[in-house]
Amino acid sequence: MGRWEYLVVLGACVLVTLPLELAGARAWRRPRQLARAVLPVAAVFLVWDVLAIAAGVWDFDPAFVTGLRMPFGVPLEEVLFFVVIPVCGILTYEAVDLTGQLLRRLARPIADRRRVRR
């Protein structure tokens with residue numbers, strides 16, 4: 001895969017979690033909330049990356065990135081990482097929450113039936 005590996009992994013993360021949105025997680029359907037959750041944290045980590053790259057603390061192997069760099073030398077893939085991975089995490093969290101709500105709703109009638117029998 002080489003230069004496309006980072007982008008392919010990010011794309012795979014989106015593809016794996018996209019069905020959660022279709023199942024009702026509703027992260028993409030609330031873009032303002034999603035932006036408020038993701039963008040401030042992404043900005044902090046982007047500043048961290050910029051500082052680390054400028055100080056020579058780290059860089060990215062050109063063999064594994066496309067070579068497209070954003071301002072201050074941050075690879076495009078790294079910027080996308082700070083958006084894609086949190087969005088995937090939020091989708092997963094929302095899906096787990098929905099599953100818990102569904103299980104609680106399903107368990108209520110059973111608990112109510114047990115009380116009536118006693």
Side-chain angles (χ1 to χ4, degrees):
M1 276 192 269
R3 297 180 66 190
W4 298 99
E5 191 167 344
Y6 202 163
L7 284 178
V8 168
V9 169
L10 292 175
C13 290
V14 170
L15 286 175
V16 167
T17 58
L18 188 58
L20 300 174
E21 176 74 18
L22 301 174
R26 297 178 190 243
W28 289 109
R29 294 178 217 176
R30 297 181 290 200
R32 280 192 199 145
Q33 282 184 300
L34 189 60
R36 284 194 336 233
V38 172
L39 295 180
V41 177
V44 168
F45 282 105
L46 281 171
V47 168
W48 182 350
D49 264 6
V50 166
L51 294 174
I53 291 169
V57 174
W58 77 66
D59 201 359
F60 298 86
D61 189 339
F64 296 104
V65 294
T66 60
L68 298 172
R69 297 240 176 192
M70 304 310 289
F72 306 106
V74 178
L76 171 66
E77 295 85 349
E78 187 74 351
V79 174
L80 292 174
F81 173 85
F82 291 132
V83 174
V84 168
I85 298 305
V87 169
C88 292
I90 291 168
L91 276 167
T92 303
Y93 177 83
E94 291 291 327
V96 168
D97 186 49
L98 282 171
T99 302
Q101 290 175 23
L102 176 64
L103 290 174
R104 283 189 293 277
R105 272 189 244 134
L106 291 173
R108 278 189 199 133
I110 293 170
D112 291 342
R113 280 186 263 152
R114 287 182 184 157
R115 285 188 201 127
V116 171
R117 289 182 188 167
R118 289 183 184 176

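If you're wondering where the values come from, they're calculated on a predicted model, not measured in any experiment.
Side-chain heavy atoms closer than 4.5 Å link hydrophobic residues (I, L, V, M, F, W, Y) into clusters, and following such links, possibly through other members, connects V57 to L46. Hydrophobic cluster membership is shared by L10 and L68, with clusters built from Ile, Leu, Val, Met, Phe, Trp and Tyr side chains linked at under 4.5 angstrom. Y93 and L20 fall into different hydrophobic clusters, where Ile, Leu, Val, Met, Phe, Trp and Tyr are joined by side-chain heavy atoms under 4.5 Å apart, directly or via other members. Placement of L18 and V9 in two distinct hydrophobic clusters is found when ILVMFWY residues are connected by side-chain heavy-atom separations under 4.5 Å, directly or transitively. Using a 4.5 Å cut-off between side-chain heavy atoms of Ile, Leu, Val, Met, Phe, Trp and Tyr, with links allowed through other members, V83 and I90 fall into the same hydrophobic cluster.
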**Request:** Mind running side chain to side chain contact (heavy atoms under 4.5 Å, CB included) on F72 and I53 for me, showing each step along the way?
**Result:** CA-CA 8 Å; F72 306 106; I53 291 169; over 6 Å; no
**Request:** In sequence, state the C-alpha distance, the side-chain angles, and the governing distance for I85 and L80, and then conclude on side chain to side chain contact (heavy atoms under 4.5 Å, CB included).
**Result:** CA-CA 8 Å; I85 298 305; L80 292 174; over 6 Å; no
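Ion pairing between a basic and an acidic side chain is recognised when a charged N comes within 4.0 Å of a carboxylate O; E94 and R29 show no such pairing.
Among all heavy-atom pairs drawn from P75 and F60, the shortest one is CG-CD1, 3.3 Å. Of all non-hydrogen atoms in T66 and E77, the two that sit nearest each other are N-OE2, 2.7 Å. Here the closest heavy-atom approach between residue P40 and residue A35 is recorded as CD-O, 3.6 Å. For the residue pair W28 and L34, the shortest heavy atom distance occurs at CE3-CD2, 3.8 Å. Heavy-atom minimum distance, L15 versus P19: O-CD, 3.2 Å. Nearest heavy-atom pair, V50 versus V74, reported as atom, atom and distance to 0.1 Å: CG2-CG2, 3.5 Å.
Taking the six-membered ring where the residue is Trp, the centroids of F64 and Y6 are separated by 6.0 Å or more.
With rounding to the nearest 0.5 Å, the separation of CZ in R3 from CG in D61 is 11.5 Å. Atom CG of L91 and atom CZ of R26 lie 12.5 Å apart (nearest 0.5 Å). Interatomic distance, L7 CG to F81 CZ, rounded to the nearest 0.5 Å: 13.0 Å. With values rounded to the nearest 0.5 angstrom, D97 atom CG is found 12.5 Å from T92 atom OG1.
You'll find the side chain of V38 stays beyond 4.5 Å of the side chain of F82, heavy atoms only. Side chains of L76 and R69 form no contact here, defined as non-hydrogen atoms less than 4.5 Å apart.
Relative ring orientation between W58 and W48 is described as tilted, the plane-to-plane angle lying within the 30° to 60° band.
Without hydrogens or angle criteria, E21 side chain to A27 main chain gives a donor-acceptor distance under 3.5 Å.
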